[in-house]
K.L.:
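Dropping a structure here in structure tokens format, bear with me for questions.
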Amino acid sequence: MRLSTNTIYAMGSQAILRQQSEVADIGQQLASGRRIVTPADDPRAAAQALNVSQAAQVNAQFADSREIARRSLSAEDNELDSVIDALTAAKPLFVQAGNGTLSDADRDSIATQLEGIHAQLLGNANAQNGNGGSFFSGYRTDASAFLFDETTGVATYNGDAGRRELRVDSSRTMPINDTGRDVFASVTAGARYVARAGADNAGSAVFAGIGVRDSAATDYGDSFEITFADNAGELSYSVRNTTTATDVVSGAVFEPGQTLTIGASMSLRIDGMPADGDAFTLGKGRPEDSNILNTIAGLAAQLRQPDDGPAAGAALANTLNSAQRQLDNSLDNVLSVRSSLGARLNELDVLDRAGSNRDVNYKSSLANLQDVDPVKAISDYSLAQVALQFSQKTFADIQQMSLFSLV
Amino acid sequence: MSSLFGIGYSGLSAAQSGMSTASNNIANVNTPGYTRQSLRLEQSAQSGGQGGVGVGAVQRNYQQYLSGQLNDARSTASALDSHLGQLSQINNLLGDGDAGLAPLMQQFFAGLQTLAGSPDDAAARESLLGDANSMAAQFQTFAGYLDDMGRSVATQMEGAVGQVNNYAEQIDRLNEQITLARGRTGAEPNTLLDKRDQLVSELGQLINIDVAIQDGNTYNITAAGQPLVDATGAHSLALVRSAGDPTRRVIAYEAPGGARRELDASQISGGSLGGLVAFRDGSLESATLSLDQLAHDLADKINDVHGQGTDLAGNPGTALFETARPISLDNARNTGTATLQVAFSDDGMADIAASNYRVAYENGQYSVTRVSDGQRTRFGSDSFSIGGVDIAVEGTPNEGDSFLIKPLAGAAAALNVSITDPAQIAAAQGGGSGDNRNAQALADLQNAKTVEGNRSFNSQYAQLVSDIGNRTRTLQVNGEAQQTLTGELENAQQSISGVNLDEERVNLLYYQQMYQANAKVIETAASLFDTLLGIRA
């Protein structure tokens, strides 16, 4: 074909331009380390890279959430340790208080120590996090978890049942707090029965043995009330299942030291002589029975009462009996909360490991999608360079060839 | 003897013409549109004897068919090139990771997750508002960028339309001059012909044209189905506001008498104008709608969940974001009194597509066309819902009246954070300040399939990115192929019409020798003449 001079030049310069842009293109890839500089370089991979980098970012976000969860749970764990220490310290005092040879002054001294422990526990219960939010008040972090009434000595839970669920992994949300009710005013499902004497009991009756007759019976776990009545000099007792609101025993004859049959599941021995209208309750986990703050405060208050007769002696004995059970139940409960906490902390560690593995995978996917393969790129670069040099040399040669310079 | 002088002189002057033709070719080797000329020599006829050589004509080496093909190829290449030139700007913007939306959306959701961890932390609330504002600002910036591109394209279209008109007038003038020159001298006005062919080629790079040659003389040019240059003269195009969508400027044809008729965008397929139209009505529109859809769905879904929560004061959450509402535009040519009231349906979010809707009143019914895919639905009553939008007709339409509904117009540009007080962030669901349930519900939206019920916000953005990437890639590949084709046609055209300097050097030498040889003839004649004179003396 006849070639015009323009065509010869155009072909030469086009070849050079094409090769130059190839060299520049691979050069840019090598300099940036990225195979995809703009979406057009590989639209599918560019979109995929966005999805992978979001997944990676979300993964990192969950790692941050786990850190928040870990901080919250660890801080709670510290409080619980301190609560367990306090309860453990209270235990020998409870035992000591039952010693019948103590003087009023001795009991005052124990009461003082118990009041100290109570104050510490109240401090734990109303602990605050770094933001000044209350630890144990559920969602109501701006309120104190427990309100303590100085005159009655009763601490009432002031929070709600809110447990902050935080997403700590794509398919796992985890509670990162426990409420004050969970910690200080609950018992575990396996808690033992607690008996209590009525506050106004006037007789010398003291409950002694709480027996389980049949833990498989349907009324096991129910609460019961035992009331005494004096029918013309003859003392009778009635038992009511307060959970189901049914009378189990009514008006049976009572003998001191008798072991009463309480429903199908329980029995209770009563020593001493109840007065007309005296009552005992037997139950597992009513909040008002389970509040360890009130148990300790109640025992301390009882210890401050002078021992001035059989009724006072019975009241102290009954309070102590109840309190010891409650203390054991509460300690079990706090230990169980702490073990659930530990399980959650462990799970966070496991999730962290899974998260880091995923992170590695995401990074390698991203690298595969976006990053330059240096070996291939360098070899392509050399090839493009050679091609460019050839084009330049060819063009230089051709443009020197002119009849004008020869003839 | 005198004939010898005459013959010699004719050769001398033919050689001069030859050298002048070669020189002219050499001089114009780089002139765009120049067609190689060659000298046609013919024997001079003289009664009964030899009459020397005559210069027949200086011919253009021009092939109409090849040039036509080349012009078409250049027109297509120019369209691809101008489309790619515009689209590359968006493609490069998306390639810049810092300018992308994805990191800022992720930042916003990370802020929500942090808030879920510490709903009572004032700093977490404050920083979430900061994240929301950064994200909204990035949507606005992105939308502003696309909007600027739309305006810049309109300006470029205006410039190109002006050039088209200018070329049409010049070609019309050249038509006249060429006819005149041919009539006057009988010789080919090569320079004028080159000039006209060059203008046709340049016009073709602005808009797709058809050239018809009338009487072997006059070029009749049609663009987008309308006569641009014909026997009656040049006709012009104009950029006008579309009757159906006053926010858009479209190319119109000025019919004789001055009436302007909007051209269908599909008719303008070639040249840089075709490329600009394809970019604006295709790629830019699609990117804008996709971005608006993302902004709208994000704002709507977040507001929805935010409204289900309560703020620090225990009040129900108000809208966290504000964005645009759907709009309806009346066609300027409507003759009825109807206007459309449009609003988002309460529960129609999953139906909101990245498309506008054209509503036409035909035969007592409303025919609604989804612009993105042409899907058509008919409604008989004055209030109906389509694509997540409730439409109520007020007033009375006349047959043929039409309306354009833009559900998502300006959503990204209008995306704003509506609350300024961090305490108004509704992280709770009725509990106290430590209640994080709604914050977690908001954070969980990050991976929810919210957009059209089948993709997450990030997937929607990824789809936008991949759509732009694919379009750019396709244009790059098609552009390269078209360049190759154009190059081949250029070579073929140049093989006929282009100047080869070596060839001209040979011609020059050839005519130089011819000149010298004919000078020798004259010298011989003169010497013969001298001899004769010498005899007499």
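In what follows, chains carry the letters A, B, and so on, assigned in the order in which the sequence lines appear, proteins first and then strands, with residues in each chain numbered from 1.
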K.L.:
Please classify the contact between B:Gln476 and chain A as side chain, backbone, both or neither, with a heavy-atom cut-off of under 4.5 Å.
P.N.:
side chain
K.L.:
As an exercise: rank B:Ala123, B:Gly434, B:Pro119 by heavy-atom pairs under 4.5 Å with chain A and give me the winner.
P.N.:
B:Gly434
K.L.:
So B:Phe457 and B:Phe109, would you call those rings parallel, tilted or perpendicular, with 30° and 60° as cut-offs?
P.N.:
parallel
K.L.:
Can a salt bridge be assigned to the pair A:Glu347 and A:Arg344 using a cut-off of 4.0 Å between side-chain N and carboxylate O?
P.N.:
no
K.L.:
For the interface with chain A, which of B:Leu501, B:Asn458, B:Thr474, B:Asp120 has the highest count of heavy-atom pairs at distances below 4.5 Å?
P.N.:
B:Asn458
K.L.:
Chain A: which of B:Thr114, B:Thr472, B:Asn470 shares the most heavy-atom pairs with it under 4.5 Å?
P.N.:
B:Asn470
K.L.:
Given a strict heavy-atom distance threshold of 4.5 Å, which part of A:Arg164 is in contact with chain B: side chain, backbone, both, or neither?
P.N.:
both
K.L.:
Is it true that A:Asp371 and A:Arg34 make a salt bridge, defined as a side-chain N closer than 4.0 Å to a carboxylate O?
P.N.:
no
K.L.:
Taking the side chain as every heavy atom from C-beta outward, state whether B:Val506 and B:Asp502 have any atom pair closer than 4.5 Å.
P.N.:
no
K.L.:
Between B:Glu503 and chain A, which part of the residue has a heavy atom less than 4.5 Å away: side chain, backbone, both or neither?
P.N.:
side chain
K.L.:
Using heavy-atom distances under 4.5 Å, tell me whether A:Ser134 contacts chain B through its side chain, its backbone, both, or neither.
P.N.:
neither
K.L.:
Could A:Asp169 and A:Arg358 be called an ion pair, given the rule that one side-chain N must be under 4.0 Å from one carboxylate O?
P.N.:
yes
K.L.:
Contact part of B:Arg471 toward chain A, heavy-atom cut-off under 4.5 Å: side chain, backbone, both or neither?
P.N.:
neither
K.L.:
What option among A:Arg140, A:Met11, A:Glu165 has the most heavy-atom pairs under 4.5 Å with chain B?
P.N.:
A:Glu165
K.L.:
With side chains defined as the heavy atoms from C-beta onward, is the minimum distance between B:Gln483 and B:Glu488 less than 4.5 Å?
P.N.:
no
K.L.:
Between B:Leu84 and chain A, which part of the residue has a heavy atom less than 4.5 Å away: side chain, backbone, both or neither?
P.N.:
neither
K.L.:
Tell me, side chain or backbone of B:Ala110 under 4.5 Å from chain A's heavy atoms, or both, or neither?
P.N.:
both
K.L.:
If you measure from the Lys or Arg side-chain nitrogens to the Asp or Glu carboxylate oxygens, is any gap between A:Arg353 and A:Asp349 under 4.0 Å?
P.N.:
no
K.L.:
Do the charged groups of B:Arg125 and B:Asp121 touch, with an N to O distance under 4.0 Å?
P.N.:
no
K.L.:
Using a strict 4.0 Å threshold on nitrogen-to-oxygen distance, state whether A:Arg163 and B:Asp435 make a salt bridge.
P.N.:
no
K.L.:
Check for a donor-acceptor pair, side chain of B:Asn436 on one end and backbone N or O of B:Ala439 on the other, with a separation under 3.5 Å.
P.N.:
no
K.L.:
With a 4.5 angstrom heavy-atom cut-off, could you sort out which part of B:Asp467 is near chain A: side chain, backbone, both or neither?
P.N.:
neither
K.L.:
With a 4.5 angstrom heavy-atom cut-off, could you sort out which part of A:Gln54 is near chain B: side chain, backbone, both or neither?
P.N.:
both
K.L.:
Could you look at A:Ile68 and say if it's the side chain, the backbone, both or neither that has a heavy atom under 4.5 Å from chain B?
P.N.:
side chain
K.L.:
Sort B:Gln113 into side chain, backbone, both or neither according to what part of it lies under 4.5 angstrom from a heavy atom of chain A.
P.N.:
both
K.L.:
Can you say whether A:Asp64 sits under 4.5 Å from chain B via the side chain, the backbone, both, or neither, judging by heavy atoms?
P.N.:
neither
K.L.:
Between A:Leu166, A:Ile36, A:Val58, A:Val37, who has the most heavy-atom pairs with chain B when the cutoff is under 4.5 Å?
P.N.:
A:Leu166
K.L.:
Using non-hydrogen atoms only, which part of B:Val499 is less than 4.5 Å away from chain A: side chain, backbone, both, or neither?
P.N.:
backbone
K.L.:
Pick whichever of B:Glu504, B:Arg505, B:Arg473 has the most heavy-atom pairs under 4.5 Å with chain A.
P.N.:
B:Arg505
K.L.:
Which of the residues A:Val168, A:Leu50, A:Asp42 is involved in the greatest number of heavy-atom pairs with chain B at under 4.5 angstrom?
P.N.:
A:Leu50
K.L.:
Please say whether more than 12 non-hydrogen atoms of neighbouring residues, nucleotides or ligands are located less than 6.0 Å from CZ in A:Phe404.
P.N.:
yes
K.L.:
Give, as side chain, backbone, both or neither, the part of B:Leu509 having an atom under 4.5 angstrom from any heavy atom of chain A.
P.N.:
side chain
K.L.:
After noting the C-alpha distance and the side-chain angles of B:Asp194 and B:Arg36, does the key distance pass the salt bridge (charged side-chain N to carboxylate O under 4.0 Å, His left out) rule?
P.N.:
CA-CA 10 Å; B:Asp194 276 358; B:Arg36 175 172 65 106; over 6 Å; no
K.L.:
Under a 3.5 Å distance rule, please check whether A:Thr7 uses its side chain to pair with a backbone N or O of A:Leu3 as donor and acceptor.
P.N.:
no
K.L.:
Run the salt-bridge test on A:Arg35 and A:Asp41 with the 4.0 Å N-O cut-off and return the result as yes or no.
P.N.:
no
K.L.:
Taking side chain as everything from C-beta outward and backbone as N, CA, C, O, which of these in A:Ile176 sits under 4.5 Å from a heavy atom of chain B? Side chain, backbone, both or neither.
P.N.:
side chain
K.L.:
Find the one option among A:Arg44, A:Arg71, A:Arg167, A:Arg18 whose heavy-atom pairs under 4.5 Å with chain B are most numerous.
P.N.:
A:Arg167
K.L.:
With a 4.5 angstrom heavy-atom cut-off, which part of A:Asn177 approaches chain B: side chain, backbone, both or neither?
P.N.:
neither
K.L.:
Are the side chains of B:Ile26 and B:Leu508 in contact, using a 4.5 Å heavy-atom criterion?
P.N.:
yes
K.L.:
Given a strict heavy-atom distance threshold of 4.5 Å, which part of B:Ile468 is in contact with chain A: side chain, backbone, both, or neither?
P.N.:
neither
